[in-house]
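All remarks here apply to the structure that follows.
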Amino acid sequence: MNKNYKFKKLDEEDILEILSEHFIEGELKGYINAHCRLFGKPGEDLRFVGAFSDDEDEYLQCDLEKVDEEMDFNGDHSFIKRNPEFQINPMFVENDCQEGD
């Protein structure tokens, strides 16, 4: 059996475009402008900061360095780190499903 492999190597512009489109097509549906930037070093403290607007005529420009300094992380992983009670433990899921049978 032959295995197929594909490789991608993205530069910063590609990464930012993918991330901004992901948010605009998902949880920020209706927002059409994005101003985004990557901060930090890979493997250490790499992070994405994005500002989004629903005004098509506005050229969205803001101080993303200031946003980075002042804003807490608000992604799914940071939520789970702050709220460990929301983590799903597979052992409990299995037990709960077996008890109902």
Side-chain angles (χ1 to χ4, degrees):
M1 180 187 323
N2 289 338
K3 294 185 179 183
N4 295 314
Y5 296 93
K6 293 189 182 213
F7 299 91
K8 299 285 278 180
K9 183 176 179 180
L10 306 176
D11 64 13
E12 185 174 352
E13 287 180 35
D14 288 329
I15 294 166
L16 291 173
E17 181 179 354
I18 290 167
L19 288 170
S20 62
E21 287 178 1
H22 167 78
F23 286 112
I24 287 174
E25 292 172 1
E27 68 184 77
L28 299 176
K29 202 169 211 64
Y31 288 74
I32 53 177
N33 282 328
H35 177 55
C36 307
R37 185 170 163 196
L38 296 173
F39 292 92
K41 294 181 181 178
E44 290 182 24
D45 62 347
L46 183 65
R47 59 207 178 274
F48 165 86
V49 176
F52 299 86
S53 170
D54 63 356
D55 184 352
E56 67 182 41
D57 295 328
E58 178 182 358
Y59 177 70
L60 186 59
Q61 196 67 292
C62 58
D63 187 350
L64 292 179
E65 285 187 38
K66 186 174 180 180
V67 173
D68 180 44
E69 292 170 7
E70 296 178 359
M71 185 176 183
D72 290 332
F73 290 99
N74 59 3
D76 294 341
H77 290 265
S78 61
F79 174 82
I80 290 172
K81 287 177 186 174
R82 289 189 314 271
N83 301 280
E85 67 275 14
F86 284 97
Q87 290 186 7
I88 297 175
N89 185 331
M91 186 176 90
F92 293 123
V93 172
E94 288 176 19
N95 289 340
D96 289 344
C97 291
Q98 290 174 0
E99 288 175 14
D101 293 337

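Being a predicted model, the structure only gives us computed values, none of them experimental.
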*Please list all pairs passing the salt bridge (Lys or Arg N to Asp or Glu O under 4.0 Å) test where one or both residues lie in residues 69-80, with sequence neighbours left out.*
none
*With Asp63 via side-chain hydrogen bond (donor to acceptor under 3.5 Å, both in side chains) - residues at least two apart*: none
*Starting at CG of Leu28, measure out to NE2 of His22 and round the result to the nearest 0.5 Å.*
9.0 Å
*Is there a path of hydrophobic side-chain contacts, each under 4.5 Å between heavy atoms of I, L, V, M, F, W or Y residues, that connects Phe23 with Leu38?*
yes
*Would you name the heavy atoms of Gly30 and Asp54 that are closest together and state the gap between them?*
O-CB, 3.5 Å
*asked:* Between Tyr31 and Leu16, is there shared hydrophobic-cluster membership here, with clusters defined by ILVMFWY side-chain heavy atoms closer than 4.5 Å?
replied: yes
*Shortest non-hydrogen contact from Leu64 to Cys36?*
CD1-C, 3.7 Å
*Among all residues two or more places apart in sequence or in another chain, which pass the side chain to side chain contact (heavy atoms under 4.5 Å, CB included) test with Glu21?*
Glu17, Glu25
May I have the list of side-chain donor-acceptor pairs in residues 45-53 shorter than 3.5 Å, sequence neighbours left out?
unit_1, atom_1, unit_2, atom_2, d
Asp45, OD1, Lys41, N, 2.7
Arg47, NE, Asp68, OD1, 2.8
Arg47, NE, Asp68, OD2, 3.3
Arg47, NH1, Asp45, O, 2.7
Arg47, NH2, Asp68, OD2, 2.9
Ser53, OG, Asp55, N, 3.1
Ser53, OG, Glu58, OE1, 3.1

*With sequence neighbours excluded, what pairs up with Glu65 under the side-chain hydrogen bond (donor to acceptor under 3.5 Å, both in side chains) test?*
Arg37
*So how far is it from Asn33 CG to Ser20 OG, rounded to the nearest 0.5 Å?*
10.5 Å
Distance-only donor-acceptor pairs under 3.5 Å for side chains of residues 6-13, two or more places apart:
unit_1, atom_1, unit_2, atom_2, d
Asp11, OD1, Glu13, N, 3.3
Asp11, OD1, Asp14, N, 3.0

